[in-house]
Amino acid sequence: MKRKITRFILYIFIALTVISNVFLFANFKFNNTFTLKNNMLILGITVLLFIYYIRLNKNPQYAHAIVNTEKKDKDQNSNEFFTKPKTTFKDVAGLEGVKDELIEVIDFINNPEKYKKMGARIPKGILFYGPPGTGKTLLASAVAGETKSTFFSVSGSEFVEKYVGVGAKRVRDLFEKARKEAPSVIFIDEVDAIGAKRHLDSNNEKDQTLNQLLVELDGFNANQTVVVIAATNRLDLLDEALLRPGRFDRHMYISNPNVKDREKILKVHTKNKPLDPGINITDLARKTHGMSGAHLSNIANEAAIIAVRENKRMITVSHFEQAIERIVAGLEIKNPTILYKEKEVVSYHEAGHALIGKILNTDMVQKVSIVPRGHALGYVIHMPQDDRYILTKEELCNKIMVMLGGRAAEELVFKHLSTGAKDDLKKVTEIAMQMVCDYGMSNLGFIHNEPNMIHSLSDSINQEINKIIDECYKITYDYLSEYRDELEKISIALLEKEALNKTELDELLDDFLSAPGLRNKEKELEASLT
Ligand code: ATP
């Protein structure tokens, strides 16, 4: 604002300077308004204004704060800040348990008298936590839609400010507005940005913002139908004061969908799309293991875009497969410039992963490819057939061996270690570390290590991690040496066709997969790991 006013006055004085000079030098003597003295005065004021204006601009933090506050005030006064969503529970597929819990809240907003008579007060704070893209925002907006409430949607990071008191003021304004517009639902996404645990050395501005949020949560009376829903991906980061009864005391875990919920979500997102009758949504749900609702909605949209690109009138299975591949492995790199030698290395690397996956019969190999996508020169898509919640030590070791298959194949064939195994090694180390520190699956015993213990035990932890990885690597290498013919077969086929799907891979390894020796190998492996 200050800058705008200064700029406006500056423009007037620049204009005056120009006019006075024109009059002075054109020798207009008929009026003596523009004498040399007046002229110098106008010029002097203009220069001073100019310097002041430059200084205002040179102070970006100050300017930024002004701009931000202006924007916020404008937002808060405009209707963009809150909405009346049309979303209902019909738009939220699956999540039945969570929806059941929320129905009570909805009933409270719709029939407050019923509860008031009983002396019950509305559950004020609900906390959704869980992985990203699982429908937390969608659910909150559905609560508002079902109750025809005003929906205030903000992100915790919008309250994080440099200047003490600004964030707290925003919280105050938000709640004041929500009370005025009641019944209303306030949704605070990424609440950890303002609600993280406080420390002695913590930031004063953040503390004030959090304190204000606590005050507002405590300040509701029984007649106010305002529900506050917060969401976070990191429940462990939140301050105890936020989680205590009377504040965000209803915690609801929103997980990635299981196969049945994936099917329901895919149905919601393909409802208005022309699908080929050959498409089996149950099958697609199986192929999207581990994906969130956001991934699934993205896949449905990508498949439709691919169908349009190919000038088709319907979306086919192939469009969905391409969309899944794009989401899992990234965007295909067109016309890559890769040396033949490197392509050969990649083909053995990917063949190593695929063959070990087949030998150990783990996580169904859906596709193996050496077409570069994203930052990878090749990839294997695994899709476990079932949703699994518990894994045994053997199953975790199997996962490690599949990931080490690429490096082992390269070492076996080319006698080198290359940079291509970087991502595999990162994942392998993560699993092995969890086995040692979280699951008690090492010689350190049945213990769960807290972060401070990990630091003090770092040498012995590293030793155990190395031991697990070394043992797994040795078994992987031996397998590939023993089944080198099969490794060569996959690699040659990859160099020829660039990609093999599950059926093609099974056909290629037909004799090998049905050989009885392989089943005996599984038993040997179990024995060596226990
Ligand atoms: P984040 O934690 O990253 O903020 P979120 O959990 O709030 O994510 P949403 O923004 O609610 O996730 O979901 C993103 C999109 O994913 C939704 O707009 C919707 O299209 C789709 N989606 C997610 N879950 C579901 C579901 N259960 N039913 C239908 N669509 C869903």
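As the structure lists them, so they are numbered: ligands from 1, and atoms in each ligand from 1. Everything quoted here is computed from the prediction, not taken from an experiment.
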Colleague: Under 6.0 Å from the CZ atom of F446, do we count more than 12 heavy atoms belonging to anything else shown?
Modeller: no
Colleague: Got a sec, which residues hit side-chain contact (heavy atoms from CB on, under 4.5 Å) with T137, two or more places apart in sequence or on another chain?
Modeller: F187, D189
Colleague: Restricting to salt bridge (Lys or Arg N to Asp or Glu O under 4.0 Å), what partner residues turn up for R262, sequence neighbours left out?
Modeller: D387
Colleague: For residues H251 and L243, determine if any side-chain heavy atom of one lies less than 4.5 Å from a side-chain heavy atom of the other.
Modeller: yes
Colleague: What residues sit with at least one heavy atom under 4.0 Å from ligand 1?
Modeller: D91, V92, A93, L95, P132, G133, T134, G135, K136, T137, L138, D189, N233, I265, H269, G293, A294, S297
Colleague: With sequence neighbours excluded, give me every salt bridge (charged side-chain N to carboxylate O under 4.0 Å, His left out) pair touching residues 130-150.
Modeller: none
Colleague: Is there a donor-acceptor pair closer than 3.5 Å between any side-chain N or O of Q212 and the backbone N or O of T209?
Modeller: no
